[in-house]
Amino acid sequence: MYAVRRWSVRRARLFERWYDIVEPALIACHPLWRMLGYARLERPFAFAERWVKGFLFDCQMCGDCVLSSTGMACPMNCPKQLRNGPCGGVRDDGNCEVLPGMRCVWVEAAEGAARMRDGLQKIRVVQAPVDSRLRGRSAWLRVAREHGKQRAQSPVTATTES
Ligand code: SF4
C-alpha cells in the first residue's frame with residue numbers, strides 16, 4: 001500500500017535497527033534451518049515475507065532484497081525497476097515520469113537513506129542486476145543460508161549484510 005510504504009521510508013532508521021537484530025538471529029539459526037530443510041521452509045518463509053514486506057514496503061518478491069541499501073524504499077516499485085538510482089525523468093515535484101501521482105522511488109530512497117546510520121554509504125554501492133531466478137523466493141532464507149554457510153566455514157571472518 002502506497003501510504004504505508006512511504007510511512008516505512010520515513011521510519012527507515014527504525015527498520016534499520018530492526019534488521020540489525022533480526023538478520024543476525026536468522027543467520028544464527030542456520031543450523032536449525034538446515035536441520036528442518038531449507039527446501040521445506042521455502043514456502044512458509046516466502047509466504048510470511050510476502051505478507052510482512054508486501055504490507056510495509058510494497059515488496060514485489062524479487063528474492064534479492066536491497067532495502068537496506070535503498071533507504072527502505074523498494075526499487076522494484078519503480079516502473080522501470082531501476083536498482084541504481086533514478087532515470088532522467090524525475091519530475092520537478094519529485095514524482096515519477098511514468099506514474100505522475102507517485103513519488104519517484106529514488107527520491108524516496110535518498111530521503112530514507114539520509115535517515116539511516118549507514119544509508120548514505122550503502123546507497124552509493126552499485127547493485128548487480130536482479131537475478132530473475134530468485135523471483136518469488138524468500139530473501140530472508142537466502143541470506144540465512146548464504147551467510148550461515150560462510151560463518152560455518154569461517155567463523156572469525158564472516159560478515160553480514162542485507
Ligand atoms: S528489493 Fe526485492 S525483496 Fe526487497 S522489498 Fe523490493 S521486491 Fe521485495
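- Residue Asp64 comes nearest to Asp131 through the heavy atom pair OD2-N, 3.9 Å, listed as atom of the first residue, atom of the second, then distance.
- A distance of 12.5 Å separates CD1 of Ile123 from CG of Asp118, quoted to the nearest 0.5 Å.
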Run the side-chain contact (heavy atoms from CB on, under 4.5 Å) test on Arg151 and His147 for me, step by step, so that the C-alpha distance in whole Å, both residues' side-chain angles and the decisive distance to 0.1 Å come before the verdict. CA-CA 6 Å; Arg151 183 171 294 183; His147 291 289; over 6 Å; no

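- Judged by distance alone, the side chain of Trp106 and the main-chain N or O of Leu82 form a donor-acceptor pair under 3.5 Å.
- The line from CG of Asp20 to CZ of Arg117 is 4.5 Å long, rounded to the nearest 0.5 Å.
- The nearest pair of heavy atoms linking Met102 to Val105 is CE-CG2, 4.0 Å.
- Considering every non-hydrogen atom in both Pro86 and Cys104, the closest pair reads CB-SG, 4.1 Å.
- Side-chain atoms of Asp58 never come within 3.5 Å of backbone atoms of Met76 as a donor-acceptor pair (strictly under, hydrogens ignored).
- For the pair Glu97 and Lys80, the salt-bridge criterion is met [side-chain N within less than 4.0 Å of a carboxylate O].
- Within the 3.5 Å criterion, the main-chain N or O of Tyr2 finds no donor-acceptor partner in the side chain of Arg6.
- In this structure, Ser8 contributes its side chain and Leu56 its backbone to a donor-acceptor pair below 3.5 Å.
- In this structure, Phe55 places its CZ atom where only 12 or fewer heavy-atom neighbours from other residues, nucleotides or ligands lie under 6.0 Å away.
- Atoms CD and NZ, from Gln60 and Lys53 in turn, are 11.5 Å apart once rounded to the nearest 0.5 Å.
- Clustering ILVMFWY residues whenever any of their side-chain heavy atoms sit less than 4.5 angstrom apart, transitively, puts Trp51 in a cluster other than the one holding Met61.
- Counting only distance, with no hydrogens or angles, the side chain of Arg115 and the backbone of Val9 share a donor-acceptor pair below 3.5 Å.
- In the hydrophobic clustering of this structure, Phe15 groups with Met1; members are Ile, Leu, Val, Met, Phe, Trp, Tyr whose side-chain heavy atoms approach within less than 4.5 Å, directly or through other members.
- Atom-to-atom distance recorded for Ser138:OG and Arg50:CZ is 10.5 Å, nearest 0.5 angstrom.
- Of all heavy-atom pairs spanning Cys65 and Ala139, the tightest one is CB-CB, 3.8 Å.
- Using a 4.0 Å cut-off between charged nitrogen and carboxylate oxygen, Asp93 and Arg91 do not count as a salt-bridge pair.
- From Arg83, atom CZ reaches atom SG of Cys74 across 8.0 Å, with rounding to the nearest 0.5 Å.
- No more than 12 heavy atoms of other residues, nucleotides or ligands lie within 6.0 Å of CZ in Arg43, so this atom counts as exposed by the packing criterion.
- Residue Leu14 is not grouped with residue Val52 when hydrophobic side chains (ILVMFWY) are merged at heavy-atom distances under 4.5 angstrom, including chains of intermediate members.
- Within a 6.0 Å radius of CZ in Arg137, no more than 12 heavy atoms belonging to other residues, nucleotides or ligands are found.
- Between the side chain of Glu49 and the backbone N or O of Trp140, at least one donor-acceptor pair lies under 3.5 Å.
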Evaluate the criterion side-chain contact (heavy atoms from CB on, under 4.5 Å) for residue pair Val125 and Ser69; output intermediate values, then yes/no. CA-CA 8 Å; Val125 175; Ser69 299; 5.7 Å; no

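- With Glu16 contributing its side chain and Ser68 its backbone, the two residues share no donor-acceptor pair below 3.5 Å.
- With contacts defined as side-chain heavy-atom distances shorter than 4.5 Å, the pair Val130/Gln81 does not qualify.
- No chain of hydrophobic side-chain contacts below 4.5 Å, direct or via other Ile, Leu, Val, Met, Phe, Trp or Tyr residues, connects Phe57 to Val107.
- Residues Leu26 and Ala144 approach most closely at O-CB, 3.6 Å, considering heavy atoms.
- Side chains of Thr70 and Pro75 form a contact here, defined as non-hydrogen atoms less than 4.5 Å apart.
- Once rounded to the nearest 0.5 Å, the distance linking CE of Met72 with CH2 of Trp18 reads 9.5 Å.
- Checking side-chain atoms of Arg142 against main-chain N and O of Gly63 turns up a donor-acceptor pair under 3.5 Å.
- Contact of the Leu41 side chain with the Leu141 side chain is registered, since non-hydrogen atoms from C-beta on lie closer than 4.5 Å.
- Taking hydrophobic clusters as Ile, Leu, Val, Met, Phe, Trp and Tyr residues chained together by side-chain heavy-atom distances below 4.5 Å, Leu36 does not share a cluster with Phe47.
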